[in-house]
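As structure tokens, the structure follows; a few thoughts come after it.
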Amino acid sequence: MKYRPDSVSGIRLRQYGVSSSALNKTTIVVFRYLFGKAITLPLPFGRCAIIVKKNILDRELDGELADGAALAILVHQYCHAYQCIEWGFLMYVWRHLHSRVRARGVPRQEHQVERECYRSEQAVLDAHTLS
């Protein structure tokens, strides 16, 4: 499935910094069983696929994404999709592999390629938690 930038779900995602190009060039694939919550799969020619566990998506009755903390994981994955679109397939894969090999002992959230994505995810969580 795809969320267009002018749809209700697209507008909700764009509120949290997801770019229109990432929405247009990314396909979401839902699986019932998946190791982890979600993963971004870079594809050649400027496309991406986000593979998501079925119970992670919080959808309303009309099929649109609900505005809640469940959007955080999608915002994180769309951030990776945007990186893939901007950097290109080979550079995206190279930078992520290089980051994991080189930064031993550094928490994953502090890697150069992950920092922005975790911060955008945290912004969504902060917006939806009661203080």
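No hydrogens, no waters, no symmetry mates; every other heavy atom, side chains included, goes into these values.
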Partners meeting side-chain contact (heavy atoms from CB on, under 4.5 Å) with [X] (sequence neighbours left out):
X    : answer
Q122 : L125, D126
L41  : L43, A49, I51
M91  : W87, W94, R95
A123 : none

By side-chain hydrogen bond (donor to acceptor under 3.5 Å, both in side chains), which residues pair with [X], not counting sequence neighbours?
X    : value
Y118 : none
Q83  : H80, H96
S19  : S21

>> What's the separation between atom CZ in R119 and atom NE2 in H76, rounded to the nearest 0.5 Å?
In response: 13.0 Å
Kindly give the cluster partners of [X], where membership spreads through any ILVMFWY side chain lying under 4.5 Å from a current member.
X   : answer
Y82 : none
V30 : M1, Y3, L13, Y16, V18, L23, I28, I50, V52, I56, L57, L65, L71, I73, L74, V75, Y78, V124
V8  : none

>> Give me each pair satisfying side-chain hydrogen bond (donor to acceptor under 3.5 Å, both in side chains) with a member in residues 22-51, each pair once, sequence neighbours excluded.
In response: T40-Q77
> Which residue pairs pass the side-chain hydrogen bond (donor to acceptor under 3.5 Å, both in side chains) test with at least one member in residues 5-15, sequence neighbours excluded?
Replying inline: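 Checked against side-chain hydrogen bond (donor to acceptor under 3.5 Å, both in side chains) - neighbours excluded - the pairs reaching residues 5-15 are S9-E64, R12-E60.
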> Transitively linked via ILVMFWY side-chain contacts under 4.5 Å: F35 with F31?
Replying inline: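 No, separate clusters.
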>> Using every non-hydrogen atom in the two residues, find where P42 and F89 come nearest and quote the distance to one decimal.
In response: O-CE1, 3.4 Å
>> Are the side chains of V113 and H98 in contact, using a 4.5 Å heavy-atom criterion?
In response: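 They are not in side-chain contact.
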> Does the side chain of S99 come within less than 4.5 Å of E114's, by heavy atoms?
Replying inline: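 Answer no - side chains too far apart.
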> In this structure, are over 12 heavy atoms from other groups packed under 6.0 Å from R4 atom CZ?
Replying inline: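 No, the 6.0 Å shell around CZ holds no more than 12 heavy atoms from other groups.
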